[in-house]
Structure formats: structure tokens, C-alpha cells
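All remarks here apply to the structure that follows.
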Amino acid sequence: MAAAGEPFLRIENVSKFFGSFQAVKDVSLDVAKGEIFSLLGGSGCGKTTLLRMLAGFEEPSSGKIFLDGRDMTGVPPWSRPVHMMFQSYALFPHMSVEKNIGYGLKHEAMSSQQKADRVREMLELVQLVPYATRKPHQISGGQRQRVALARALARQPKLLLLDEPLAALDKKLRERTQFELMSIQHRTGVTFIVVTHDQEEAMTLSDRIAVMDKGEVRQIGKPGEVYEFPNSRFVADFIGSITSFPVTVVERVSKQLRLSVPALGGDVLARDVPGLVEGQEATLAIRPEKLHISKERPEGANAFQGTVKDLAYFGKDSLYRVVLPSGALVQAHAVNASRGGEATRAADWDDRVWISFDPSSAIVLTE
Amino acid sequence: MGGKRLSGWFDRRGWSDVLIAAPYIWLLLFFLLPFLIVVGMSVATKTSTAPPFSFGGDYPLINLQGYVRAVSDTLYFRSFITSLVSAGIATVFCLLIGYPMALALTRVSKSWRNILLMLVILPFWTSFLLRVYAWMGLMGKSSWFNVGITKIWNALVPAGWAVDFMPMMHSNFAVVLVMVYTYLPFMILPLYASLERLDPTLDEAALDLGSRPWQVFLDVTLPQSIPGIVAGGMLVFIPAAGELVIPTLVGDAASPMIGRVISDQFSSARDWPMASSIAVVLLVLMVVPAMIYGHFQAKAEGSK
């Protein structure tokens, strides 16, 4: 056990070069024991390289990785208490499900009875007991994913690395597997590091998320923090969608900022951001679901008139694209709460509508 | 599109049936028919006419004398053993030399891979006979190769074992050496084909689960390359067992390989029924194990 306050996994100023290309740039982060921590980013953001350095397949060019207080520098993959669930699952095609799960136990000082018990326990954990003697090509994709998970957990690793764990599954199975992964994590208590490009996957699975871009960590936080309080346009845009406008700070009034927004044709009140000064330029970002759309002028500030240019009906909600007099386009989501179909929706094509938002919903970004 | 129109044309004219039938027709004309002729000859009786065999009439319709001699005469039995053992040793050495080379081919960069693959195939661009003659020159008493090996041998062994030269030519050693050299590409290419298909993330998965690189090789790479080993082994063993030219040129005439015996029976002894009987026995010896393997392979594939 790590001493109290000491992080379980510490990544300290880690960089990785491939030739002159820097895949990971000076990344530092701490992960606590038992956490599900996600590395989220697009392809080429360095998340996979970072994961491979944790597994020991790559050595950092500089910086250090500590696991449970132990420096991992120079420790080969076969000596690390770290196991990986590969994106392709990488099951051994010539071995049965139980042989696959038991493969890592080969190297453990256990009696064959203990090993068999452990494999059985793992089969029960992932509910694959009836499939023990099948070969990987004789079971479904979702079952293969569970074999890969059981195989990686069989040796009781300190750290489990999951590379795009749900990417190969279809949508329905993905939702179920997400909850299964979380429940298995709670039961085993193993620390999970998840690499994913899918923001929804990261949001639902993780205790905390590190958003990565071009080899750098842009923001680390709980899913809610990263979503509601992004620290940059990149993060705001990557997680969920936003509509953003350039703004100038006009003044500070009672813990709120008054911003001049030329694209909206008026001033906007927003929650105060410390450090901003009058006259400074910034970006205003609003999430579509935080925008209200109505035909009557709503009460309060931050209301602007426009015309519905486009609308898309998704069933549970609708997306409206509203053109403002300045020509700017705003996206607004509205939940279809009543079951009236087209007759009851908030607006129709070419309707004159009001869009409005609460000052606390406005995100002001300087980066 | 063009491709679709073309295939439609093929279908309408029944051309696709012709394409499927072509290899079978080829096998029928150039394998099965000649083989039946050889089987026919093997049960005939030797005569001094031309052709030098006959059946029916004054002679028995089926004369199994050739088969009886082929399995009972120690000369033939020894030749079979010499052939199978030499071919077996050559196959094992081709595997031991070829496997690391094939594995290396899968691990180098793409540009290096093409160069090295070409080097593997390059010997085929010169005449096979020329290469055997080159080896005869190398193995001769006074060649630099023989002189060099003799020096190394004399330096390593006690004085009493010292020799003037290595007696390499006209021995089964020479036959195996030249066969290994000749057939090595036939081992490397199928091995490379099967190793190249393997997923490198499986190696990483095994490393990640605690196996050292040599254990990964034994647990993951080797079992998955068995089809390649068998294919390469058959491509080397079958022609090596029936090899005629190499034992004739560099082999020991006192313990001939079976290919040379068949050839001698056909030409100098003019005993075609005897030669055909040996040829049929050799074919059965080669084909039956291959068919057994094929059967189990098909079963394994079927369960996939």
C-alpha cells in the first residue's frame, strides 16, 4: 500500500520522442489507488504511447513512472505488476478460453489446483463458465472482450490498462459492458487506466479524465468538471459540442462579467472568471443544451432573437440551428418532453425565435 | 462496372466452369494418367522386346514380382532407408537454418525485407546443375573450402586424428549438404508466409502477462507456425527423398539413394516393371503421411 497522501501511480515529467517527433510532452499526473482514470484524446494525441510506457513496451525518453512507490524505469513488461487489455483483445487463437485466462498464472508460484481455482473464479467473474473449453474464434465479440478482461485480471495486477475497451462492440453491448466494467472494477479494487477517443465512454466510466492533445495533457478533472468547467476552447470543443464567439470584457458587475459580443449583437452577462480585466479579449462558449429556445421573449438577460434555419429531430431531443442578424449560427438542443410530435415542438423552419441562457451557463475562456 | 461485366460474360459463357476445371484436367492428364501407366508397368513382366515389358498372352496379367523384390531385397530396402534418413536430416537442417531466417524476415523493415526475400530466391536464377558443380569444386580435396576446414579440424583435434583433407565428396554427407543448400528456399518461403500472418500484438500480450521473449516464442510463435513448418517440411522432404541428380553427382555409389536405383533400373538394367514398382512404393510412402496430415488439418479447419 502506498503511504497516505502518496499517489498510487505517479507519472513525472514524462516525454517520449520517436526520432525528432515528440509523441508525449512533459506529462505529469497522479492516479489514486482504485481509481478509474481515462486518457482521452483524438488519434495521435499520445495517449496510446503513454499507455505503452506504463505497460513497459516503450521507455520514456525522459521523466519517470512510479507505481506503488517503485520506480518503473528499465523494468521489462514481463516483470511489471501491470496488465493490459488490448484493443484487438490479442487472445491466443490456439488456446481455449480457460488456457487464455490461465496463461499469466504459468509464471506464478501456485499449485495447479490453485491455478485452476483462480481460472474458475475469473470465468465466474466474467460469466463465461460454459465457454471454458471453446477457442476464441468460437465465441462472440462481447465474450472475447470478457476473456481478455479476465486474462488481464487473473494475475491480480496492481494496474490494469484498457486500450479502447469498448471500441469493437456495437452500441447496445457497449452500454451494458460499460456498467459491467465498472462493477468488476469495484469488486476487484484494481486501478484502471483507460485509453479512449470516445468522450461518452470516458465520461461514463471514469472517476477522472485527462484530456490530451498533441502529446500534452490539457486538463485533468472529474467528468463533470471537465464538461462544465473546461479550461480551454480545445477541451470545451472536444468534450461535447459548443457554440463559441469572440468577446471583449466590458465591466465587472456584482460577481458577474458584462461581455460585449458583436456576433450576438449585444452584451452578455456571465459568471465571473478571476483574472480577467476590462478590455481583455476572450471567448464565450455555450453548450447547445444550455440554450433555451422560445417564441416569446423570455425574462432576464442574455436573450437574442434569430431565425430557425435548420432543425434535426432525434426522437428524444431536437437540434435547432438559429441564424442571428449578424449572420452567426447558434446551436440549441431542446428535449422533446411531451409526446406531440411535430405539432408541439418549440419552433419550426423559418420561425422567428428567442434564444436565451443563464449567466451561469456561459463559459468564458481565455485560451 | 467493367469487372462486373467481365464476370457476367464469364458466367454466361460457362467460362468460370472451365477455369475451375482447368487444374483438374491438368492433374488428370499430367499426373493421374502417367501414374496409372507406371502402375500398369509395375505389374507387367520384363521382356527383351521394345518396350521391354509385356502382360497377358505368354506372360501373367498381373506380376507382383517387382513389389515382392522392392520390399524384400535388402539392396532396395537399404536404399529406401538411406533416402528417407538423408531427406529427413536435410529437412531438419533446413528447418533449423530456415526458421531463424524466416523469423528475421518478418522482423526487419519493409525495404530490407524485399531485398532479403530476393536474396532467398536469387539462387534459382542460376542453373541448378551449375550450383551442384560449384559444390563439387568446393568439396574437392584441393579447394580452399576443403583446405580451410581441414586446417580447422587439425587445429581442434588431437594429433592422431589429423587428416590430409576432408573426405567430403562421394558421401552421404555431401548429399545432405547439397540438398540442404538446394532446398533451403522451399523451407524459408512457406515458413515466412505463415510467420508473416501472425499478429505481433499476441507477442506483446504474452510479454505483458509475464513471459520472457524465449517463452513467448515457445508459447505463441512456434505453435502458430506449425502449418508453415509442415508445408516447408513436405516441400523439402518429398523431393529430397526422390532426389536423383544430387546423389548421382556427389553421392556414394556404394549406398545409393532410391532415386538413383529407379533411374538405374530404367536405363542400364532395362527392368521397367522393377523400376515402376519401386516408384509406386516410394509414392505411397510419401503420399500416405501427407494425406493423414491433410485429413487432420481439414478437421482442425472444419472446427473453426
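Chain letters run A, B, ... following the sequence lines, proteins first and then strands; every chain starts at 1.
- Proximity to chain B (any heavy atom under 4.5 Å) is restricted, for A/L91, to the backbone atoms N, CA, C and O.
- Counting all heavy atoms, side chain and backbone alike, A/V82 lies closest to A/L54 at CG1-O, 3.9 Å.
- For residues 36-60 of chain A, there are no ring pair (Phe, Tyr, Trp, His ring centres under 6.0 Å) pairs, not counting sequence neighbours.
- Contacts between B/E204 and chain A at a heavy-atom distance below 4.5 Å involve backbone atoms as well as side-chain atoms.
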Salt bridge (Lys or Arg N to Asp or Glu O under 4.0 Å) evaluation trace for B/E196 with B/R113: CA-CA 11 Å; B/E196 199 248 355; B/R113 184 182 296 186; 3.8 Å; yes
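- Both the backbone and the side chain of B/D219 come within contact range of chain A, judged by heavy atoms closer than 4.5 Å.
- Residues A/D71 and A/T73 have side chains that bring a donor and an acceptor to within less than 3.5 angstrom of each other.
- The backbone N or O of A/I139 lies less than 3.5 Å from no partner atom in the side chain of A/R134, so there is not a single donor-acceptor pair.
- For A/M95, the part sitting under 4.5 Å from any heavy atom of chain B is the side chain, from C-beta outward, and nothing else.
- The contact between A/H107 and chain B is made entirely by side chain atoms (from C-beta outward), counting heavy-atom distances below 4.5 Å.
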